[in-house]
Colleague: 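Handing you a structure now.
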Amino acid sequence: MVEVREAAKVLSQARRVVVFTGAGISAESGVPTFRDALTGLWERFDAQALATPQAFQDDPDLVWGWYEWRRTVIRRVHPNPGHEAVAAIEARTPRSVVITQNVDDLHERAGSAGPLHLHGSLFEPRCASCARSAPVPDGEEPAEGRRLAPPRCEHCSGPVRPGVVWFGEALPEQILETAVQEATDCDVLLTIGTSGLVYPAAEIPKVAAMFGATVIQVNPQPTPLDAVAGINLHGTAATILPALVTAAWPRLS
Ligand code: BJW
Ligand code: ZN
């Protein structure tokens, strides 16, 4: 593919690379994307309505059960060649950083060093009342899912909530600030598997483009970021990214 060769050339010459990822990079590991239809117990619900402070307040067992079920799914799956290629890009580029919207830990498990989690993590529950961190529960959830009462905080007995950023909540200030700074400083921003619909995260590729970086997008579907990307690679992360790494660093692959 001509575009892969062109992207590989730009990537191999870059000194600072930002890799910006969304749910699509984990899809080929077996993790449903955020905008995939929900299944099982949550079939008749909309993810965008469940991922809110209001939903947790109205029905904590439904929302906590959904997040525990998702954490079980993630514990059972493995990073795919897309995550591995991202770690390879990091290892081959003098200055690089992974900024992810994902709440899974598949970048870490593929060997990426300290990805910035803009929307939090499924592995950092905290008290909804006093904000102290809470232990990650042990159990495994059934495949069809279930309602589950959130544990109680051992300090104040408040309900424990997932350590993720819901709609209407602020992103972690320091992480967002670092991410924006990295976007202003990079030569190349690689945006992978995101619909580019959720703000302020979706600003990050736009900031990079505005500050002169080449934006390379990997996605099988069109997104609003097509307009920002100088190079659009239409395909899946687990197919395109290993090919991109091999083309960029043929002697190291
Ligand atoms: C593949 C593939 C394969 C498939 N390979 N690709 C400006 C304008 C309009 C609205 C707003 C605005 N600023 C803020 C807002 C409101 C709101 C928002 O953005 N709403 C929009 C929906 C309109 N934003 C917020 O509320 C944010 N907070 C905020 O702004 O606070 C202000 C504030 C300041 C100070 C004090 C208080 C408040 C918070 C946003 C938090 C988002 N959180 C979620 C949930 C996290 C927990 C959970 O997972 O449950 O984060 S929402 C959800 O969307 C999740 C994701 O990280 C995020 C992005 O989704 P992503 O990753 O792009 O996934 P999908 O499913 O959308 O797309 C997958 C893509 O992959 C597709 O393109 C596929 O084609 C592709 N794909 N297979 C490669 N194999
Ligand atoms: Zn508490």
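This chain uses plain numbering: 1 for the first residue, then up along the sequence. Start at 1 and go down the list; that is how both ligands and their atoms are numbered.
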Colleague: Do any nitrogen or oxygen atoms of Ser195 lie less than 3.5 angstrom from nitrogen or oxygen atoms of ligand 1?
Modeller: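 Yes; at least one N/O pair falls below 3.5 Å.
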
Colleague: Side chains of Phe34 and Leu197: does their closest heavy-atom pair fall under 4.5 Å?
Modeller: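 The answer is no; the side chains never approach within 4.5 Å.
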
Colleague: Is Arg109 paired with Asp104 through a side-chain N to carboxylate O contact shorter than 4.0 Å?
Modeller: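 So Asp104 does not pair with Arg109 through a salt bridge.
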
Colleague: About how many Å separate CG of Leu106 and CG of Asn80, when rounded to the nearest 0.5 Å?
Modeller: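 Between Asn80 CG and Leu106 CG, I get 7.5 Å after rounding to 0.5 Å.
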
Colleague: Can you name the atoms of ligand 1, numbered from 1 with element, that are less than 4.0 Å from a heavy atom of Thr194?
Modeller: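 This gives 61 (P), 63 (O), 70 (C), 73 (O) as the contact atoms.
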
Colleague: Roughly how far apart are Thr100 OG1 and Phe20 CZ, rounded to 0.5 Å?
Modeller: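 Answer rounded to 0.5 Å: 8.0 Å.
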
Colleague: Taking the Zn ion (ligand 2) as the vertex, measure the angle between atom SG in Cys153 and atom SG in Cys130; round to 10°.
Modeller: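 Taking the Zn ion (ligand 2) as the apex, the two atoms subtend 110°.
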
Colleague: Atoms of ligand 1 less than 4.0 Å from Thr236 heavy atoms?
Modeller: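 Here the atoms of ligand 1 in question are 3 (C), 5 (N), 80 (N).
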
Colleague: Geometry only, no angles: is Glu169 polar-contacting ligand 1 at N/O separations under 3.5 Å?
Modeller: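 Yes, Glu169 has an N/O under 3.5 Å of an N/O on ligand 1.
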
Colleague: Identify the closest protein heavy atom to atom 26 (O) of ligand 1: which residue and atom is it, and at what distance?
Modeller: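 Here the closest protein heavy atom is Gly168 N, 2.7 Å.
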
Colleague: What I want to know is whether Tyr199 and ligand 1 share at least one N or O pair that is separated by under 3.5 angstrom.
Modeller: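 Yes, there is a polar N/O contact under 3.5 Å.
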
Colleague: Could you check atom 69 (C) of ligand 1 against the protein and tell me its nearest heavy-atom contact, residue, atom and distance included?
Modeller: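 Scanning the protein heavy atoms, the shortest distance from atom 69 (C) of ligand 1 goes to Gly193 O, 3.8 Å.
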
Colleague: Specify the protein heavy atom at minimum distance from atom 4 (C) of ligand 1: its residue, its atom name, and the distance to 0.1 Å.
Modeller: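 Ranking protein heavy atoms by distance from atom 4 (C) of ligand 1, first comes Gly24 CA, 3.9 Å.
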
Colleague: To the nearest 0.5 Å, what is the distance between CD on Glu84 and OG on Ser112?
Modeller: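 With rounding to 0.5 Å, CD (Glu84) is 10.5 Å from OG (Ser112).
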
Colleague: Taking atom types as modelled, find out whether Ser26 and Ser29 have a side-chain donor-acceptor pair closer than 3.5 angstrom.
Modeller: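 There is no such pair (donor and acceptor under 3.5 Å, judged by atom type) between the side chains of Ser26 and Ser29.
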
Colleague: Could you give the distance from CG (Leu225) to CD1 (Ile216), rounded to the nearest 0.5 Å?
Modeller: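 Rounded to the nearest 0.5 Å, the CG-CD1 separation comes to 13.5 Å.
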
Colleague: Using heavy-atom distances only, which candidate in Glu173, Gln217, His234, Gln101 approaches atom 59 (C) of ligand 1 most closely?
Modeller: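 Minimum heavy-atom distance to atom 59 (C) of ligand 1 goes to Gln101.
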
Colleague: Can you confirm whether some protein heavy atom lies under 4.0 Å from atom 16 (C) of ligand 1, or whether none does?
Modeller: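 Looking at atom 16 (C) of ligand 1, one finds that no protein heavy atom lies closer than 4.0 Å.
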
Colleague: To the nearest 0.5 Å, what is the distance between CH2 (Trp249) and OG1 (Thr93)?
Modeller: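 Nearest 0.5 Å value for the CH2-OG1 distance: 4.0 Å.
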
Colleague: Pairing donors with acceptors under 3.5 angstrom, does anything connect the side chains of Asn232 and Glu3?
Modeller: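 Not at all, the side chains of Asn232 and Glu3 share no donor-acceptor pair under 3.5 Å.
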
Colleague: Measure from atom 76 (C) of ligand 1 to the protein's non-hydrogen atoms and state whether any distance is below 4.0 Å.
Modeller: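 At least one protein heavy atom is under 4.0 Å away.
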
Colleague: Under 4.0 Å from a heavy atom of Val198: which atoms of ligand 1 are those, numbered in the order shown and with their elements?
Modeller: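 This gives 19 (O), 40 (C), 42 (C), 54 (O), 58 (C), 59 (C) as the contact atoms.
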
Colleague: To 10 degrees, how wide is the angle SG (Cys127) to the Zn ion (ligand 2) to SG (Cys156)?
Modeller: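 Cys127 SG and Cys156 SG form an angle of 100° at the Zn ion (ligand 2).
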
Colleague: Decide whether an N or O pair under 3.5 Å exists between Glu28 and ligand 1.
Modeller: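 In this structure, Glu28 places an N or O atom under 3.5 Å from an N or O of ligand 1.
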
Colleague: Would you say His119 has any N or O atom under 3.5 Å from an N or O of ligand 1, going by distance alone?
Modeller: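 Yes, His119 has an N/O under 3.5 Å of an N/O on ligand 1.
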
Colleague: Any salt bridge linking Arg132 with Glu154? Criterion: basic side-chain nitrogen under 4.0 Å from a carboxylate oxygen.
Modeller: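 The answer is no: the pair does not qualify as a salt bridge.
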
Colleague: CZ/Arg146 to CG/Asp61 distance, rounded to the nearest 0.5 angstrom?
Modeller: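 It is 10.5 Å, given to the nearest 0.5 Å.
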
Colleague: Geometry only, no angles: is Val165 polar-contacting ligand 1 at N/O separations under 3.5 Å?
Modeller: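 Looking only at distances, the answer is yes, because the N/O contact criterion of under 3.5 Å is met.
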
Colleague: Do me a favour and list the nearest non-hydrogen protein atom to atom 72 (C) of ligand 1 with residue, atom name and distance?
Modeller: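 Closest protein heavy atom to atom 72 (C) of ligand 1: Asn219 ND2, 3.9 Å.
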
Colleague: Mind checking whether Phe167 and Phe56 sit in one hydrophobic cluster, side chains of I, L, V, M, F, W, Y counted as touching below 4.5 Å?
Modeller: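 Result: yes, single cluster for both.
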
Colleague: Would you mind checking which non-hydrogen protein atom is closest to atom 34 (C) of ligand 1, with the distance to 0.1 Å?
Modeller: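 Atom 34 (C) of ligand 1 sits closest to the protein heavy atom Ala170 CB, 4.0 Å.
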
Colleague: Which ligand 1 atoms does Val103 reach within 4.0 Å, using its non-hydrogen atoms?
Modeller: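 With Val103 as reference, the close atoms of ligand 1 come out as 49 (O).
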
Colleague: Please report whether ligand 1 has a polar contact with Asp36, defined as an N or O pair separated by less than 3.5 Å (distance criterion only).
Modeller: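 No, there is no polar N/O contact under 3.5 Å.
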
Colleague: Hey, does Gln13 have a side-chain heavy atom less than 4.5 Å from the side chain of Asp187?
Modeller: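 In short, these two side chains do not touch, never coming nearer than 4.5 Å.
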
Colleague: Just to confirm my output: which protein heavy-atom neighbour is closest to atom 66 (O) of ligand 1, and how far is it?
Modeller: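 The protein heavy atom lying closest is Arg35 N, 2.9 Å.
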
Colleague: Out of Phe20, Trp66, Phe167, Tyr67, whose heavy atom is nearest to atom 47 (C) of ligand 1?
Modeller: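 Among Phe20, Trp66, Phe167, Tyr67, the closest heavy atom to atom 47 (C) of ligand 1 belongs to Tyr67.
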
Colleague: With ring centroids as reference points, do Trp66 and Phe45 lie under 6.0 angstrom apart?
Modeller: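 No, they do not, as the ring centres are separated by 6.0 Å or more.
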
Colleague: To the nearest 0.1 Å, how far is atom 21 (C) of ligand 1 from its closest protein heavy atom, and which atom is that?
Modeller: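 Result: Leu197 O, 3.5 Å.
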
Colleague: Is the side chain of Asn219 donor-acceptor paired with the backbone N or O of Thr194 at a distance under 3.5 Å, no angle test?
Modeller: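 Yes, the answer is positive, given that a donor and an acceptor are paired below the 3.5 Å cut-off.
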
Colleague: Under a 4.0 Å threshold between the charged nitrogen and the carboxylate oxygen, would Glu141 count as salt-bridged to Arg70?
Modeller: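 Looking at Glu141 together with Arg70, the answer is no, because their closest N to O distance does not fall below 4.0 Å.
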
Colleague: Side chains of Val103 and His117: does their closest heavy-atom pair fall under 4.5 Å?
Modeller: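 The answer is no; the side chains never approach within 4.5 Å.
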
Colleague: Could you tell me whether Pro220 and ligand 1 have an N or O pair separated by under 3.5 Å?
Modeller: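 No, since none of the N or O atoms of Pro220 sits under 3.5 Å from an N or O of ligand 1.
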
Colleague: Could you tell me whether Val164 approaches ligand 1 through its side chain, its backbone, both or neither, with non-hydrogen atoms closer than 4.0 Å?
Modeller: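 Just the side chain.
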
Colleague: Between Glu6 and Lys9, is there a salt bridge with N-O shorter than 4.0 Å?
Modeller: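 No salt bridge links Lys9 with Glu6.
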
Colleague: Please state which protein non-hydrogen atom is closest to atom 78 (N) of ligand 1 and give its distance, to 0.1 Å?
Modeller: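 Minimum-distance protein heavy atom for atom 78 (N) of ligand 1 reads Ala27 CB, 3.8 Å.
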
Colleague: Which option, His117, Gln48, Arg70, owns the non-hydrogen atom nearest atom 49 (O) of ligand 1?
Modeller: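 Selected option, by shortest heavy-atom distance: Arg70.
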
Colleague: Does Gln221 reach ligand 1 with a nitrogen or oxygen that is under 3.5 Å from one of the ligand's nitrogen or oxygen atoms?
Modeller: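 There is no such contact.
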
Colleague: Need the ligand 1 atom indices (1-based, order shown) with element for anything under 4.0 Å from a heavy-atom of Thr33.
Modeller: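 Atoms satisfying the 4.0 Å criterion: 66 (O).
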
Colleague: Purely on distance, is any nitrogen or oxygen of Gly22 under 3.5 Å from one on ligand 1?
Modeller: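 Among all N and O atoms of Gly22, none is under 3.5 Å from an N or O of ligand 1.
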
